[in-house]
Amino acid sequence: MRNLDGAVIVAGVEVPYARHPQGAATGDLLARAFGEALAEAGIAHGEVDGLGVSSFTLGPDHAVDLAWRLGIAPRWLMDDCLGGASGIDLLQHALRAIQAGDASVVVLASGDHFEPADFTRLTEHYNLTTRTWLRPLDAGVPNSLFAMLTSRHMRAHGLDRADYGALAVTQRQWAAMNPRAVYRSPMTLDDYLAAPMVSDPLGRFDCVPVVSGADAIVLVAADHPAARGRAVRLRALRSRYNRDHQEGDGLVTGLADIARPLWDDAGLGPDEVDLVSVYDDYPVMVLIQLADLGFAADGDLRSLVHSRIATRALPVNTSGGQLSAGQAGAAGGMHGLVEAVTQLRGTTGERQVAGARIAAVTGYGMVEYRYGMCANAVVLEGVR
């Protein structure tokens, strides 16, 4: 079992996401998240000695530039570029920094502000592979890539669009109870199935909506005064990158490799988890990751969707997930983490999962040629 003691999470905040924000800049959103996280934790600005940042649109600035603008002089500093896996990646490094004595109060912030041209530029120049081989095809990357993956997943598991739709509809029901979600209006399965097709078999509600916003969490040494309140501790954290070097079929992620040691480290199994935050850029990825982590031990994904997720027997993406709350660029890598922390601290209001004590959170992303290269997961425990 890995040693994850010595630090706890004492705050998790999300700057309200917006579809078409006026006058916002990425640095401003990150600064707001930074300030709100400290306020929630009850920690003074001058106590911060660690900062981790993930953003696609902060450039040409970096974490050190943001630290300067925030007026802090940290002893530990990190830029992260792992997109959907960034929140857990930052958390892993920040924990080790505190354990090593390199910092005692670390703020981790992720976020982006997108103008229409910004998102187009990001997707078409995501990396050298995308720019060289995929952009010339004008195929609507990444929607077309995940459309092909969804078709493959359908055939492999005998699913149809209504199965994926049930997941999206359930997440919209959770979003209706989240005042910070961008898309909260009721959605039925008929609405889902009737939505315009984007890239067969993906319709409009299968594709994560792009928004602007930011998230932040605060990690402190376990002996810090702020740790005496409602804190969240790490029971297990594992990562795996470039699992098959894009040579597989995409139906299995690196989570499958780390599932056994993750649960062994945590000292519990999937059946003991109270809620799950799964990175959800497309519904298919929710099911793939849940299967990889052992939430469908019998392999019956249709039953998982309809008997456990849709009934809320297994609360999944209780914020509404990115499919309804929105994806604020790199903030998507921290969105589920913030929701889990908030649930375990018992402060989610109407959508609070009763008695929530254990949460699992996944990260997935950084599409190379066909699908994501990064996968990580953390098991969290609320301490009150």
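Just so you know, these numbers use all the heavy atoms, side chains as well, and skip hydrogens, waters and symmetry mates.
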Between Trp174 and Arg312, is there a cation-pi geometry (under 6.0 Å to ring centre, at most 45° from the normal)? yes

Within-4.5 Å side-chain heavy-atom neighbours: [X] and [Y]:
| X | Y | value |
| --- | --- | --- |
| Pro209 | Val182 | no |
| Leu268 | Trp263 | yes |
| Asp163 | His306 | yes |
| Leu304 | Leu301 | yes |
| Val286 | Asn317 | yes |
| Leu337 | Leu380 | yes |
| Ile9 | Leu234 | yes |
| Val383 | Val8 | no |

What is the ring orientation for Phe34 with His45, classed by angle as parallel under 30°, tilted 30 to 60°, or perpendicular over 60°?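 Phe34 vs His45 ring planes: perpendicular.
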
Hey, can you tell me if Tyr279 and Tyr364 have their rings parallel, tilted or perpendicular (30° and 60° cut-offs)? tilted

If we check side-chain hydrogen bond (donor to acceptor under 3.5 Å, both in side chains) with Tyr282, which of these qualifies: Thr150, Asp206, Asn143? Asn143

Using the side-chain hydrogen bond (donor to acceptor under 3.5 Å, both in side chains) definition, which of the options Glu381, Glu272, Gln343 pairs with Arg357? Glu381

Answer yes if the side chains of [X] and [Y] hold a donor-acceptor pair under 3.5 Å, and no otherwise.
| X | Y | result |
| --- | --- | --- |
| Thr253 | Gln289 | no |
| Ser86 | Asp89 | no |
| Asp249 | Tyr371 | no |
| Thr26 | Thr57 | yes |
| Gln171 | Asp280 | yes |

Please report the shortest heavy-atom distance between [X] and [Y], naming the atom on each side.
| X | Y | answer |
| --- | --- | --- |
| Leu237 | Leu4 | N-CD1, 3.6 Å |
| Ile88 | Ala377 | CD1-CA, 3.9 Å |
| Tyr17 | Gly213 | CD2-CA, 3.7 Å |
| Ala360 | Val273 | N-CG1, 3.9 Å |
| Gly27 | Leu66 | O-CD1, 4.1 Å |
| Asp112 | Ser55 | OD1-OG, 2.9 Å |

Atom pair [atom1]/[atom2] of [X] and [Y] - distance to nearest 0.5 Å:
| X | Y | atom1 | atom2 | answer |
| --- | --- | --- | --- | --- |
| Arg345 | Gln352 | CZ | CD | 11.5 Å |
| Leu82 | Met366 | CG | CE | 6.0 Å |
| Leu29 | Ser110 | CG | OG | 12.0 Å |
| Arg238 | Leu293 | CZ | CG | 13.0 Å |
| Asp215 | Glu36 | CG | CD | 10.5 Å |
| Leu145 | Glu368 | CG | CD | 11.0 Å |

Membership question, hydrophobic clusters at under 4.5 Å side-chain separation (ILVMFWY): are [Y] and [X] in the same one?
| X | Y | answer |
| --- | --- | --- |
| Val169 | Leu287 | yes |
| Ile309 | Val353 | no |
| Val361 | Val338 | yes |
| Val106 | Leu77 | no |
| Leu275 | Phe295 | no |

Please walk me through it: do Leu51 and Ile72 pass side-chain contact (heavy atoms from CB on, under 4.5 Å)? CA-CA 9 Å; Leu51 177 68; Ile72 61 173; 4.1 Å; yes

Is the side chain of [X] donor-acceptor paired with the backbone N or O of [Y] at a distance under 3.5 Å, no angle test?
| X | Y | result |
| --- | --- | --- |
| Asp274 | Ala359 | no |
| Glu40 | Gly12 | yes |
| Asp61 | Asp65 | no |
| Arg240 | Ile258 | no |
| His157 | Leu159 | no |
| Asp265 | Leu262 | no |
| Arg19 | Val210 | yes |
| Asp49 | Ser104 | yes |
| Asp292 | Val252 | no |
| Asn178 | Ala175 | no |

Derivation of the side-chain contact (heavy atoms from CB on, under 4.5 Å) call for Ile288 and Leu149: CA-CA 11 Å; Ile288 288 175; Leu149 180 59; 4.3 Å; yes

Please determine whether side-chain contact (heavy atoms from CB on, under 4.5 Å) holds for the pair Val284 and Tyr164, giving the CA-CA distance in whole Å, both sets of side-chain angles, and the decisive distance to 0.1 Å. CA-CA 7 Å; Val284 66; Tyr164 301 97; 4.1 Å; yes

Sole residue of Val218, Leu219, Ile217 in side-chain contact (heavy atoms from CB on, under 4.5 Å) with Val107: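 Answer to the side-chain contact (heavy atoms from CB on, under 4.5 Å) test with Val107 among Val218, Leu219, Ile217: Val218.
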
Glu14/Met334 under side-chain contact (heavy atoms from CB on, under 4.5 Å): CA gap, chis, key distance, verdict: CA-CA 9 Å; Glu14 184 164 279; Met334 196 171 286; over 6 Å; no

Other residues, nucleotides and ligands only: do more than 12 of their heavy atoms fall within 6.0 Å of CZ on Arg152? yes

